[in-house]
Each structure stands twice: as structure tokens, then as C-alpha cells.
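Contents: one structure, followed by commentary.
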Amino acid sequence: MRVLLTGHQGYLGTVMAPVLTAAGHDVVGLDAGLFADCVLGPPPADPPGYRVDLRDVTADHLVGVDAVIHLAALSNDPLGALAPDLTYDINHHASVRLARLARDAGVRRFLYASTCSVYGAAGGGDLVTEDAPLRPVTPYAESKVRVEDDLHALVDGDFSPVFLRNATAFGYSPRLRADIVLNNLVGHALLSGEVLVLSDGTPWRPLVHAADIARAFAAALTAPRDAVHDRAFNIGSELNNVTVAEIAEQVADAVAGSRVVITGETGADPRSYRVDFSRFRAAIPGFDCEWPVKRGALELADAYRAHGLTRDSFERRFTRLAVLRAASDAGAVDQTLRWRS
């Protein structure tokens, strides 16, 4: 297929593009480029692509495209809290507009990167399935719920959206993110000797490696229509349903000489949920996630050491909120994302 991959210069897109190319697809990227320089290690080889704000996509960008994989977004809760209106403008309205343009251009499959954080306040009791009530507690998660609802309304005999609700991502990517839980804890352990947890450690977090997300999207891209059409799928593994305290302990095991410090200063996080991932395995026979948390922590520690992670880059270059603020100060975001805070 000819696949338009939005967010191809982001944390997940940089891992996903070569997986799709290796599977024989003709990949073209679309990205505002805001995080293109967030590189740890050798520069990645990107597919050809468009440098364009998601809100400025036109029908011309969809000509000849068979499928869209839509990753691009202002991603994570702190960004959403900083400028909720912008989060809804980009993550919700621009995403639905892209889907309409895709449908009108004859795109048949539209894979949407949603999130398990749509279950936000589900608690840590029973495993939540895709049919569980959605209880988003942040603008970021709410924007994902709104897109899912609006894409349902676009379904027709040809246009087939699929909603992949990723667990919290972790693992090495050539374009690093240090503001997601496992990546953050490993970096802090290496740089300070402490696995620093600011909450009380009790919230449940389902995790999934970036490489497993890429494999899941590649599998959904070519799955039979009846298996995935207009359906939501949790992406991850039940083995990686862990509390924040358990994540911290596994990081301490992976980073020799580090110790867990749970301050509890932010209290109990209302976002807590354990997730059932069996629906996707049933739809895609033979698929399963390959990366447990401990293996991912070891991989990250090795990559951080090998590529010379520093405190300054950890705090400023690989943290999305810091990158946006720095770009805003420099006037760069005004040229790309038209950032307003």
C-alpha cells in the first residue's frame, strides 16, 4: 500500500516507518517537524514526507494514498493542560478534518492512534475491555474520545477507520521521549542514582513498547476488513499491567546502584487502570507483544549510556513540554504549529 504516516518524525513514528517499509509499503510522512531534532544516537533515515502543520493538510496530500496511519498529536497530559484549546484544535478538529479529506480522496483504511488513557478513572479492579465506560480525566484523553466518536460517523462502505488504543509507550526510539513513565524513571536513575516517583506509587499503568506498537499497526493495516472495521482495540500485554511502584522496582533492578525513592508529594493519581488486550490477539491470530517492562528498562539504560544522555538533554531536549516552550520562546513554533499558550 501507499501509506501516509502522520507524525513520522515523532517518538513512535520514527520506530514505525522502517517497520512499514520493511513490510513492503510505500511510506510517505507528514509532520510539522517540531520534534525532528530530538535525536539520541545516529540520525534516523526518514521516509520522504511533507513538512506541514496537521491543520494545514489539503486534499493534495492524500492523492494516491491507500491508507492513513494517524499518529500526529500534541501528546501527553501536561501539554493538554498547558493549552487545552490548542489540544482540541490539533488533536480533535484537525484529526477529524484529515479523516474527511482521506475518505473523500478514496482512502480505504484509517488507523487512528488512540490511547488507553481514555479509561482514565477506571480504577485498578477488573481488567477494562474496549467496551468499558470511557472516563477521560485530561484534555489529551478527552480529545481522543472525541475523535473516535466523530470517526465512527464517517464510516461508509469504503472508508474503514480502526481505533488502536495504545497503552503507555516505553522503550528506545532514535527520537527519544523522556516524559513517559518508564523512559523517565530509567533516565533519572542513570543521571542521579535515584528512581524518583513523585506519586504514591499505587496507580496502575499498562505499558507497551514502541516496537510492539509499530508491529500492531502494521498488522492492523493488512488485516481483513471484517476483523478490524470500525472497531477499537487495546494495544499492549496483560503482563505489562503494573503499578508505578512496580515499574520503579524493575528500573532499579535494571540500573545497577540505583534506589527507589517514592516521595508521594503529588498524592494518588486518579488515572489508574488495568487493561484487557485480548481482543486484538483474537482479531489478529498469532500477534502478541514481545517486550516486557524489565527488558525495556535494560534496553533504555544501555541506549542512554551508549549515546551519552546528559541531564540537560534529558530535561530540555527530550521532554515535550520543554521543547514546546523553548520553540515558543524562539518563535519557531509560531511558524510551524502556530503555538499559543
Side-chain angles (χ1 to χ4, degrees), residues 1-8 12-13 15-30 47 62 64-73 95-96 98-103 105-116 118-119 127-132 144 147-167 169 206 208-240 275-291:
M1 300 182 190
R2 181 169 175 82
V3 180
L4 180 69
L5 175 63
T6 75
H8 74 290
L12 292 178
V15 175
M16 194 176 297
V19 171
L20 298 172
T21 300
H25 302 294
D26 177 17
V27 179
V28 58
L30 188 148
L62 281 305
V65 171
D66 301 302
V68 171
I69 295 180
H70 182 36
L71 306 179
S95 294
V96 176
L98 171 68
R100 288 197 187 98
L101 288 171
R103 184 189 63 176
V107 172
R108 292 184 172 273
R109 188 156 298 184
F110 190 98
L111 302 188
Y112 176 59
S114 189
T115 172
C116 284
V118 296
Y119 307 118
L127 297 179
V128 294
T129 70
E130 291 84 353
D131 299 320
K144 296 293 187 177
V147 174
E148 288 194 25
D149 288 344
D150 288 348
L151 263 60
H152 282 302
L154 296 179
V155 170
D156 61 23
D158 295 318
F159 185 69
S160 181
V162 186
F163 315 101
L164 291 98
R165 296 175 180 167
N166 300 319
V208 62
H209 195 283
D212 284 329
I213 293 175
R215 292 175 51 247
F217 274 74
L221 185 65
T222 57
R225 176 185 166 97
D226 290 346
V228 297
H229 172 66
D230 196 27
R231 300 183 72 192
F233 296 96
N234 297 329
I235 303 300
S237 167
E238 288 83 358
L239 294 175
N240 287 346
V275 178
D276 183 314
F277 298 100
S278 60
R279 177 184 286 184
F280 193 70
R281 293 195 299 269
I284 313 290
F287 181 89
D288 207 351
C289 290
E290 298 177 350
W291 283 83

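Note that these values count all heavy atoms, side chains included, but never hydrogens, waters or copies made by symmetry. From a predicted model like this one, the values you see are computed outputs, not experimental measurements.
Partners of F233 according to the ring pair (Phe, Tyr, Trp, His ring centres under 6.0 Å) rule, which considers only residues two or more places apart in sequence or in another chain, are F280. T21 meets the side-chain hydrogen bond (donor to acceptor under 3.5 Å, both in side chains) test with no other residue; sequence neighbours excluded. The salt bridge (charged side-chain N to carboxylate O under 4.0 Å, His left out) test applied to D26 returns R2, not counting sequence neighbours. Looking at residues two or more places apart in sequence or on another chain, you find no salt bridge (charged side-chain N to carboxylate O under 4.0 Å, His left out) involving D156. Partners of D226 under the side-chain hydrogen bond (donor to acceptor under 3.5 Å, both in side chains) rule, at least two apart in sequence or in another chain, do not exist in this structure.
Across A227 and A283, no two heavy atoms sit closer than the pair O-CB, 3.8 Å. Of all the heavy atoms in A169 and L12, the pair that sits closest is CB-CD2, 4.2 Å. Nearest heavy-atom pair, W291 versus A211, reported as atom, atom and distance to 0.1 Å: NE1-CB, 4.0 Å. Pairing each heavy atom of S278 with each of E238, the nearest pair is N-OE2, 3.6 Å. For the pair V68 and V107, the tightest heavy-atom approach, listed with the atom from each and the gap, is N-CG1, 3.9 Å. Residue N234 comes nearest to C116 through the heavy atom pair OD1-SG, 4.1 Å, listed as atom of the first residue, atom of the second, then distance.
Sequence neighbours left out, the pairs with a member in residues 213-223 that pass salt bridge (charged side-chain N to carboxylate O under 4.0 Å, His left out) are D212-R215, R215-E290.
Residues L71 and F217 meet the side-chain proximity criterion, which asks for heavy atoms closer than 4.5 Å. Between N240 and F277 the shortest side-chain heavy-atom distance does not fall below 4.5 Å. Counting heavy atoms from C-beta on, the side chains of F287 and I235 never come closer than 4.5 Å. Taking 4.5 Å as the limit, some side-chain heavy atom of L62 sits within range of a side-chain heavy atom of L98.
Going from atom CZ of F110 over to atom CZ of R100 covers 11.0 Å, rounded to the nearest 0.5 Å. Atom SG of residue C289 and atom CZ of residue R281 lie 8.0 Å apart, to the nearest 0.5 angstrom. A distance of 12.0 Å separates CZ in F163 from NZ in K144, rounded to the nearest 0.5 Å. Rounding to the nearest 0.5 Å gives a distance of 8.0 Å between CG of D288 and CG of L239. With rounding to the nearest 0.5 angstrom, the CG atom of L164 is 8.5 Å from the OG atom of S114. With rounding to the nearest 0.5 angstrom, the CG atom of L5 is 10.0 Å from the CG atom of L111.
Each of R231, R279, R165 was evaluated against E130; a single residue qualifies, R279, per the salt bridge (Lys or Arg N to Asp or Glu O under 4.0 Å) test. Among R103, H229, R108, the one residue that satisfies the side chain to side chain donor-acceptor pair (under 3.5 Å) test with S160 is H229.
At least one donor-acceptor pair under 3.5 Å links the side chain of R109 to the backbone N or O of A223. At least one donor-acceptor pair under 3.5 Å links the side chain of H8 to the backbone N or O of L30.
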Side chain to side chain contact (heavy atoms under 4.5 Å, CB included) assessment of D66 paired with H25: CA-CA 10 Å; D66 301 302; H25 302 294; over 6 Å; no
